[in-house]
2 protein chains.
Amino acid sequence: MPKPALLLPVPASPPGRVQRVTKESTRDKVYTSLRNAILSGRLRCGERVKEIPLAEELGVSRAILREAMQQLVHEGLLEFNSYRGARVIELRPEQIDEIVEARILLESRAVRLATERIHNAQREELNAFEKQLQREKDPLRAGQSDFRLHQRIWQISGHATIEKLLIQLTSPLFAMSLLMRSKETRDHHASSPLPRGTHKRLIEAICQGTPNDATNELEAHLTENWTAIRRRVAEFIAREEAEKL
Amino acid sequence: MPKPALLLPVPASPPGRVQRVTKESTRDKVYTSLRNAILSGRLRCGERVKEIPLAEELGVSRAILREAMQQLVHEGLLEFNSYRGARVIELRPEQIDEIVEARILLESRAVRLATERIHNAQREELNAFEKQLQREKDPLRAGQSDFRLHQRIWQISGHATIEKLLIQLTSPLFAMSLLMRSKETRDHHASSPLPRGTHKRLIEAICQGTPNDATNELEAHLTENWTAIRRRVAEFIAREEAEKL
DNA sequence: AATTGTCTTATTGTCGACAATATTACGAAT
DNA sequence: ATTCGTAATATTGTCGACAATAAGACAATT
């Protein structure tokens with residue numbers, strides 16, 4: 001009897017719930033697993049999430065699964081329709097624009113703060129992250145490393161509020177980028193990797209304490225990356241519409 | 001037998017859940033009631049929220065109440081500690097600073113967009129809101145009108161993502177301002193009303209299509225208002241600390 | 001054959017009860 | 001009197017079952 005197949009190690013750390021020393025609750029474990037399943041592409045965008053099979057697979061009751069799902073709804077990764085079940089979020093191009101715009105606003109400030117507050121140990125850590133990201137072959141793992149790198153910058157900024165908002169904004173974006181990657185693979189397109197050069201310049205600017213350079217690099221990086229993804233999303237939607245007719 | 005005393009009309013509309021035509025679920029009703037209870041001061045900041053009595057008062061099961069509470073945790077109005085219950089959020093002065101800073105970042109953009117996109121009917125509506133706010137005697141109702149006015153501006157901006165984030169950021173702030181007001185009343189201080197002149201200038205700038213003026217007014221308004229509240233929060237915390245010793 | 005109404009079934013919404021844990025009260029030892 | 005350990009209690013964490021609803025199958029009617 002195959003037990004929890006979704007219960008796997010966590011790639012990207014969950015948002016800043018300041019848990020006490022008490023042991024992790026079942027709900028939090030379920031939440032982490034489910035979030036992980038979406039952010040690793042095992043649950044794809046637009047996919048229906050049925051409660052009973054999922055609860056059985058995870059070995060928990062539906063009540064606790066629903067609480068975890070509720071959290072994911074607020075994190076922007078799931079969508080509920082009453083009596084019609086939950087689906088993994090699927091963003092329209094205009095929503096991607098909105099999210100990226102908000103993200104640039106908030107992350108610019110985070111990067112500026114990080115530039116001011118970073119310590120030497122953290123400088124080394126960021127550079128190590130970046131080198132690891134450069135070496136990463138697998139596009140999925142590269143995407144996750146990218147997410148982690150940004151999250152680390154947000155942490156260094158020391159602005160917990162902005163950090164929380166950025167996690168919320170970025171999670172659905174990341175899920176969509178995974179979806180695009182998988183659809184490209186299916187349709188025999190070239191899997192386009194992240195632009196990695198901009199990372200290097202961003203990190204250098206943060207470490208060297210030049211906040212204006214850092215925010216400029218950030219904005220260029222985000223705009224470049226996500227206009228590309230936005231275009232592909234729009235193309236796929238257009239193709240799907242065409243197939244319907 | 002006194003039934004749902006917390007089930008009362010909604011002062012501030014809940015965040016943008018795009019409900020289908022289906023009837024409102026019990027969970028959503030509970031969520032609205034609870035949110036309303038916090039945002040009207042019936043449940044005060046720092047107050048413990050026990051599940052069993054509350055579920056009985058609302059006439060629902062604990063499971064559904066917990067789902068609604070989960071939503072409020074993500075909206076920043078409740079705090080969970082495992083096996084130690086939920087409390088209404090209580091912000092430290094530094095958190096107020098963080099939230100206000102993030103709010104200024106996002107709301108500036110919202111105001112700028114609103115300035116560009118506003119229609120004539122909405123201009124009249126905003127002015128009517130503002131006049132109503134001027135006339136409002138009761139500080140609690142004035143605060144709620146203020147919240148509604150800002151929310152209306154966010155809606156006019158047409159940026160759903162920023163609107164959602166702003167609701168999330170502002171809700172705990174509003175709850176704290178209510179707490180301050182009630183504590184002031186208890187301690188026989190003068191209940192300090194919102195600075196209303198800045199509202200007028202903000203709305204005028206939005207209606208006249210001068211985005212720079214509008215964002216300047218907004219920043220001044222928010223900074224002025226919340227540094228005052230922040231100071232009072234700090235004073236109360238200091239007083240409480242002193243009483244302990 | 002197409003359409004519409006009914007019935008079945010799959011899935012979600014809600015509930016009450018039991019298990020696990022923290023808090024409190026209380027008594028014994030120092 | 002104080003402190004520490006232990007039991008009682010209150011509260012939360014988790015579960016399985018029943019009710020309400022939507023989606024799909026199927027037959028009767030035109």
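The chains referred to below are lettered A, B, ... by the order of the sequence lines, with proteins before strands, and numbering in each begins at 1.
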Next item on the list: Name the closest nucleotide to the A:F80 side chain, picking from C:dT14, D:dT14, C:dG13.
Entry: C:dG13
Item checked: Row check, A:F80 ring normal vs B:R27 NZ/CZ: under 6.0 Å, within 45° -> yes
Checklist line | Length of the CD-P vector between A:E51 and D:dT21, whole Å | finding: 16 Å
Notebook entry, point to check: Rounded to whole angstroms, how far apart are CG on B:L58 and C1' on C:dT14?
Noted result: 15 Å
Note to self: Can you identify which nucleotide, out of C:dT14, C:dG16, D:dT14, has its nearest atom closest to the B:S25 side chain?
What the structure shows: C:dT14
Next item on the list: Could you state the atom-to-atom distance from CG of A:L54 to P of D:dC15 in whole Å?
Entry: 13 Å
Next item on the list: Measure from NZ on A:K50 to C1' on D:dA23 and round the result to the nearest Å.
Entry: 11 Å
Notebook entry, point to check: Should the pair B:E136-B:R141 be classified as a salt bridge under the 4.0 Å nitrogen-to-oxygen rule?
Noted result: yes
Next item on the list: Describe, in one word, how the ring planes of B:H74 and A:H74 are oriented to each other, choosing from parallel (under 30°), tilted (30 to 60°) and perpendicular (over 60°).
Entry: tilted
Margin query: Is the phosphate of D:dG13 approached by B:R66 (side-chain N or O, under 4.0 Å from OP1 or OP2)?
Written below: yes
Item checked: Interatomic distance, A:R62 CZ vs D:dG16 P [rounded to whole Å] -> 12 Å
Notebook entry, point to check: Roughly how far apart are B:I153 CD1 and B:Q122 CD, rounded to 0.5 Å?
Noted result: 11.5 Å
Notebook entry, point to check: Separation of B:E56 atom CD from D:dA10 atom P, in whole Å?
Noted result: 14 Å
Note to self: Can you work out whether A:I64 or B:R48 has the more 5'-proximal nearest nucleotide on DNA chain D?
What the structure shows: B:R48
Notebook entry, point to check: Do any side-chain nitrogens or oxygens of A:R84 fall under 4.0 Å of OP1 or OP2 in D:dA23?
Noted result: yes
Next item on the list: Among the candidates C:dT14, C:dG16, C:dG13, find the nucleotide nearest to the side-chain atoms of B:A63.
Entry: C:dG16
Check: From the list C:dA17, C:dT21, C:dT12, which nucleotide is the closest neighbour of the side chain of A:Y83?
Finding: C:dT12
Check: Do the side-chain N or O atoms of A:S61 get closer than 4.0 angstrom to the phosphate oxygens (OP1, OP2) of D:dT14?
Finding: no
Check: What is the distance from NZ of A:K29 to P of D:dG13, rounded to the nearest Å?
Finding: 14 Å
Checklist line | Salt bridge A:R35-A:E75, side-chain N to carboxylate O under 4.0 Å | finding: yes
Checklist line | Distance, rounded to the nearest Å, where A:E67 contributes CD and D:dG13 contributes P | finding: 8 Å
